[in-house]
Amino acid sequence: MSPTEHAESHHEAGHDHEHEHGGTGKYWAVFLALCVLTGCSFLTYFEMWHNAIPVSVSRAFMMAVSCSKALLVMAFFMHLIWEANWKWVLTVPAAMMSLFLVCMLIPDIGYRTYHYSSHRWNHTPEPIEQEAHPVEGATAVPQPGH
């Protein structure tokens, strides 16, 4: 095989590799999806969002947006969508273990103050009290995590 034939076959292999991933159109579509998702997370910054959407719903929305963005980046920009099936052997047990750990830690975090000693309560910050019905004209109190 001459050097030009080798270069041409290498070029064709690279060309096939590009077609295998769908060209640049998929990457632009993912880029636009990431821009839209970033715009959705930017909406949560505005005061109208704070006034209309409860904090717990806002947090769930932000987690959904963040997970969607992470999945898009992992699938397309890290090329996991084009990997062989061995990726499931590695990722599914790790994902199950992470879900197990989160589920095991939720009661520990949620009930952590039930067993506090009086000494511990003396050095614990005061919990944030939220108004049940906000007064018109009052400024919004910044919530933790916003």
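Note: hydrogens, waters and symmetry copies are ignored here, and every other heavy atom, side chains too, is used.
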Shared hydrophobic cluster, [X] / [Y] (ILVMFWY, side-chain heavy atoms < 4.5 Å):
{"X": "Val65", "Y": "Val57", "value": "yes"}
{"X": "Val30", "Y": "Trp82", "value": "yes"}
{"X": "Leu37", "Y": "Phe31", "value": "no"}
{"X": "Val73", "Y": "Ile81", "value": "yes"}
{"X": "Met104", "Y": "Met97", "value": "yes"}

What is the minimum heavy-atom distance between [X] and [Y], and which atoms define it?
{"X": "Thr38", "Y": "Lys69", "result": "OG1-NZ, 3.3 Å"}
{"X": "Cys103", "Y": "Pro107", "result": "O-CD, 3.3 Å"}
{"X": "Ser58", "Y": "Ile53", "result": "N-CG2, 3.9 Å"}
{"X": "Tyr45", "Y": "His50", "result": "O-NE2, 3.5 Å"}

*Indicate the ring-plane relationship of Phe77 and Tyr27, choosing parallel, tilted or perpendicular according to the 30° and 60° boundaries.*
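Answer is parallel, since the angle falls under 30°.
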
*Look at the rings of Phe46 and Phe42 and say which category their plane angle falls in: under 30° parallel, 30 to 60° tilted, over 60° perpendicular.*
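Perpendicular: the ring planes of Phe46 and Phe42 meet at over 60°.
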
Distance (rounded to the nearest 0.5 Å) between [X] [atom1] and [Y] [atom2]:
{"X": "Leu101", "Y": "Ile106", "atom1": "CG", "atom2": "CD1", "answer": "11.0 Å"}
{"X": "Asn85", "Y": "Lys87", "atom1": "CG", "atom2": "NZ", "answer": "7.0 Å"}
{"X": "Leu72", "Y": "Cys67", "atom1": "CG", "atom2": "SG", "answer": "11.5 Å"}
{"X": "Asp108", "Y": "His115", "atom1": "CG", "atom2": "NE2", "answer": "9.0 Å"}
{"X": "His123", "Y": "Tyr116", "atom1": "NE2", "atom2": "OH", "answer": "12.5 Å"}

*Should we count CE of Met48 as having more than 12 external heavy atoms under 6.0 Å?*
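Buried by this count: over 12 neighbours within 6.0 Å.
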
*Below 4.5 Å, heavy atoms only, C-beta onward: do Phe76 and His79 meet side chain to side chain?*
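Phe76 does not reach His79 side chain to side chain.
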
*Verify whether the ring centers belonging to Phe61 and Trp49 lie closer than 6.0 Å.*
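Judged by ring-centre distance (under 6.0 Å), Phe61 and Trp49 do meet the cut-off.
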
